[in-house]
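As structure tokens, the structure follows; a few thoughts come after it.
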Protein chains: 4
Amino acid sequence: MEASRPDTSTRILDVAERLFVEHGFEATSLRMITQQAEVNLAAVNYHFGSKDALFESVFMRRLAPLIADCLAELDKLEAEASEEKLAVEGLVLSFIRPCLSLSKDPSRGGAMFVRLLSRTLVENHRLLRETISQQYSVFVQRYSRAFQRALPMLDTEQLAWRMHLAFSVMFNAFAGNDVLKIFTRSQIVSARDPDMIVKYLVPFVMAGLVAPMEG
Amino acid sequence: MEASRPDTSTRILDVAERLFVEHGFEATSLRMITQQAEVNLAAVNYHFGSKDALFESVFMRRLAPLIADCLAELDKLEAEASEEKLAVEGLVLSFIRPCLSLSKDPSRGGAMFVRLLSRTLVENHRLLRETISQQYSVFVQRYSRAFQRALPMLDTEQLAWRMHLAFSVMFNAFAGNDVLKIFTRSQIVSARDPDMIVKYLVPFVMAGLVAPMEG
Amino acid sequence: MEASRPDTSTRILDVAERLFVEHGFEATSLRMITQQAEVNLAAVNYHFGSKDALFESVFMRRLAPLIADCLAELDKLEAEASEEKLAVEGLVLSFIRPCLSLSKDPSRGGAMFVRLLSRTLVENHRLLRETISQQYSVFVQRYSRAFQRALPMLDTEQLAWRMHLAFSVMFNAFAGNDVLKIFTRSQIVSARDPDMIVKYLVPFVMAGLVAPMEG
Amino acid sequence: MEASRPDTSTRILDVAERLFVEHGFEATSLRMITQQAEVNLAAVNYHFGSKDALFESVFMRRLAPLIADCLAELDKLEAEASEEKLAVEGLVLSFIRPCLSLSKDPSRGGAMFVRLLSRTLVENHRLLRETISQQYSVFVQRYSRAFQRALPMLDTEQLAWRMHLAFSVMFNAFAGNDVLKIFTRSQIVSARDPDMIVKYLVPFVMAGLVAPMEG
DNA sequence: CATGAATGAGCTTTCATTCAT
DNA sequence: CATGAATGAAAGCTCATTCAT
């Protein structure tokens with residue numbers, strides 16, 4: 001029985017991932033994590049060293065493959081488009097699709113992580129600045145160059161702002177928090193339904209990116 | 001001398017506002033607040049009753065006037081437009097303008113609060129759900145109806161999503177956290193400069209709101 | 001009733017003093033201290049800030065007066081002897097007497113402290129090096145000069161060594177630990193009896209200090 | 001390659017010896033030991049059973065030969081002196097010489113141990129009382145009888161005190177902790193230099209032992 | 001023979017809160 | 001009106017030890 005029970009490290013990571021999303025890093029105690037993961041309290045420090053390091057492990061477990069997927073899609077797009085203009089929609093989808101497939105992870109851990117990622121970036125979390133910058137900066141640079149090719153009419157500042165706004169709204173959509181409390185009682189079952197996200201999010205982001213400039 | 005030093009309650013509120021933005025609610029201890037405010041530790045509980053209640057006070061001090069300002073602008077718009085179609089841009093600005101004037105508060109407290117508001121909504125903070133719903137729900141209802149008039153071609157679900165996305169990106173822009181770390185080394189001095197925000201944010205949000213539907 | 005019960009800080013200091021002597025600093029937990037002092041565990045950090053700071057407080061409470069007493073005796077000796085040669089025995093007693101009167105403290109706290117002082121010096125405790133050097137270095141300088149006057153035939157190195165050895169044996173005698181386990185079963189009730197100490201210790205130290213040089 | 005690397009047990013003993021001296025028994029964790037010794041954490045319990053037992057092993061590895069050396073010197077002295085009076089200086093040197101030759105151990109382990117021995121005795125460590133009494137009591141008894149022969153004019157109590165004081169100061173000198181912080185900045189390179197110790201220590205101890213009685 | 005994993009107990013410290021004054 | 005003192009709870013972390021392999 002329970003032959004499929006994941007090992008200690010994995011159970012800790014899974015529970016921590018969920019609790020960090022639900023309550024935030026600070027409000028999640030190691031005791032909450034270890035009780036739900038049914039492991040000894042000291043196991044966290046044994047396997048990860050500290051609460052901070054646990055956060056980093058939770059983060060990196062999923063971030064590295066996610067970024068790799070995005071960059072792979074980007075590679076493909078750039079190869080296909082070669083000398084032609086890159087399509088904005090392709091770029092947007094090259095980011096959204098890997099996020100969505102992570103969201104559809106049957107164990108639900110992936111969906112948790114997408115929300116954790118969004119929340120962490122939006123909060124500008126302390127632990128993010130210190131450790132994750134390396135991997136993430138490659139990601140940002142690649143997308144910056146790609147968007148530059150796709151939207152050549154925008155100057156550097158314009159482009160930076162539009163990317164900033166576009167990724168903000170995408171991350172927030174994935175975070176699944178309803179800032180307007182609109183969906184709480186509506187028939188729309190869940191703002192976190194992946195297909196809903198793509199249906200409504202993509203046109204919104206696209207329009208914002210290609211909008212004519214003011215004046 | 002020191003006639004301009006605010007009283008105990010106000011000093012607590014000001015410091016708490018800043019620290020809640022900088023470190024988040026959980027990571028901000030009453031000791032941090034009372035030390036920086038140079039008041040007795042027990043003063044917080046004396047004046048506000050609890051840390052939760054302090055948060056609510058911090059929040060309400062600015063939220064009520066802010067919502068009032070927004071609704072006043074909305075009243076004016078609706079009066080002017082009466083039977084005509086409401087302009088989307090007017091609606092967007094009726095929200096952004098009060099936020100910006102708060103951001104320009106010379107004591108900087110207002111700017112702090114706008115970030116706190118954004119951060120709290122994005123985090124979907126526990127204390128928000130419990131206490132602030134009343135005032136906030138009036139705000140949401142008024143804007144929902146106004147956008148319904150301004151964008152009659154959208155069905156309920158479409159409209160809900162677009163508002164959700166639009167307010168997400170606006171709140172995030174005000175929160176001032178750069179999810180892409182794009183602005184850190186660029187010549188763009190600060191992503192939090194209010195006028196930059198309106199220059200780039202409004203066209204983006206407008207375009208997203210009025211975008212043609214997919215398919 | 002219990003009108004004479006010392007206040008929280010004092011109770012903590014008294015118990016800590018005893019336990020630090022009995023078990024050493026590291027082996028004494030705050031729980032041991034607070035349980036015996038019948039105070040809340042958090043009281044230590046409230047009143048002293050940390051375990052390290054508690055140690056320093058325990059130490060300084062008695063060290064400052066003790067050093068003051070020694071230096072007062074030294075002042076008197078130097079005033080009396082003015083141009084004459086200082087008597088070695090006087091110097092030795094100017095240190096031993098204040099230690100002994102502390103040892104005879106009816107509350108026994110003083111006796112504890114003399115042992116703590118000895119033990120701490122002999123262990124060369126980490127906390128000693130950092131904090132207590134100031135006061136202590138004045139003490140050392142004054143005695144160094146006095147012994148130089150009392151033993152002018154010794155060169156600097158000789159004098160340093162003899163003082164080192166003399167104070168070592170005095171501190172050890174006050175520490176009351178029987179390195180030879182000689183007294184354990186003997187009729188000598190206690191190696192810590194202050195008068196015994198002076199009876200046997202003074203001649204031993206004196207002889208060592210004034211011994212003819214080798215060769 | 002690395003043929004000279006000692007085996008696991010020895011590496012643990014060597015590191016433990018040093019760390020026990022540097023930080024004391026309680027403040028030295030098994031993790032510190034096993035990390036520096038580059039062995040598995042469980043190896044300590046595997047090879048020695050417990051931290052207490054490790055301490056005992058560290059202690060006994062060197063104490064047994066040291067005591068044997070001292071007693072051998074004592075045997076020789078007593079054989080030579082047979083019916084004559086035993087020379088005090090010979091007795092003192094019969095203890096100091098083995099300690100010094102241990103101090104000069106080229107691997108420095110011996111020097112560490114002499115300091116550990118001194119420190120442990122001066123601290124009156126718990127583990128000392130329980131385990132080491134057997135061997136040590138033989139040592140004490142032999143020296144007690146020898147000093148009785150060498151100093152027949154002293155009554156039992158006098159003798160016990162003088163031995164107590166004499167061994168105290170010798171142990172402290174070997175411990176190498178400068179209670180007066182005199183040597184820190186002086187030209188005297190190190191209070192732990194073995195030859196310095198014998199040059200200054202022996203006359204001091206001798207004088208104290210043979211001092212005329214008070215009054 | 002040795003080790004990676006795990007554990008229960010305990011550590012110091014900080015928390016928000018209360019209360020007598 | 002305000003505060004110094006005190007408190008119970010809980011925090012993150014480290015401890016020596018055990019055990020299956």
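Convention: sequence-line order gives letters A, B, ...; per-chain numbering from 1.
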Please convert DNA chain F into dot-bracket. A pair counts if it is Watson-Crick or G-U wobble with both distances under 3.5 Å; crossing pairs go in [ ] and bases paired with another strand get |.
.||||||||||||||||||||
Could you check A:Val58 against A:Phe48 for side chain to side chain contact (heavy atoms under 4.5 Å, CB included), going step by step and ending with a plain yes or no?
CA-CA 10 Å; A:Val58 165; A:Phe48 301 97; over 6 Å; no
Please lay out, stage by stage, how C:His23 and C:Met32 fare under the test side chain to side chain contact (heavy atoms under 4.5 Å, CB included).
CA-CA 11 Å; C:His23 307 105; C:Met32 291 165 62; 3.6 Å; yes
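Using a 4.0 Å cut-off on heavy atoms, the residues of residues 18-43 of chain B that approach DNA chain F are B:Asn40, B:Ala42, listed by number.
Side-chain N/O atoms of C:Gln36 and C:Arg11 include no donor and acceptor closer than 3.5 Å. Side chain to side chain, B:His47 and B:Ser9 meet the donor-acceptor criterion of an N or O pair below 3.5 Å.
Projected onto DNA chain E by closest heavy-atom contact, B:Asn45 and A:Ser9 fall at different nucleotides, the more 5' of which corresponds to A:Ser9. When the nearest nucleotides of DNA chain E are assigned to D:His47 and C:Gly49 by heavy-atom distance, the more 5′-ward of the two goes with D:His47. Comparing B:Thr8 and A:Tyr46 along DNA chain F, the residue whose closest nucleotide (by nearest heavy atom) sits nearer the 5' end is B:Thr8.
Test C:Arg115, C:Arg119, C:Arg62 against C:Glu17 for salt bridge (charged side-chain N to carboxylate O under 4.0 Å, His left out) and you get one pass: C:Arg62.
Proximity of B:Arg18 to B:Glu22: side-chain heavy atoms (C-beta onward) are separated by under 4.5 Å at one or more points. Residues D:Val15 and D:Thr34 are not in side-chain contact: their nearest non-hydrogen atoms beyond the backbone lie 4.5 Å or more apart.
Ring-plane geometry between C:Phe55 and C:Phe20 is classed as tilted, the angle between the planes lying from 30 to 60 degrees on a 0 to 90 degree scale. Ring pair D:Phe25/D:His125 is perpendicular by interplanar angle, where above 60° counts as perpendicular and below 30° as parallel.
With a cutoff of under 4.0 Å to any heavy atom of chain C, the contacted region of DNA chain E is bounded 5' to 3' by E:dC11 to E:dT14.
Annotation: the span from D:Asp7 atom CG to D:Thr10 atom OG1 amounts to 3.5 Å, rounded to 0.5 Å.
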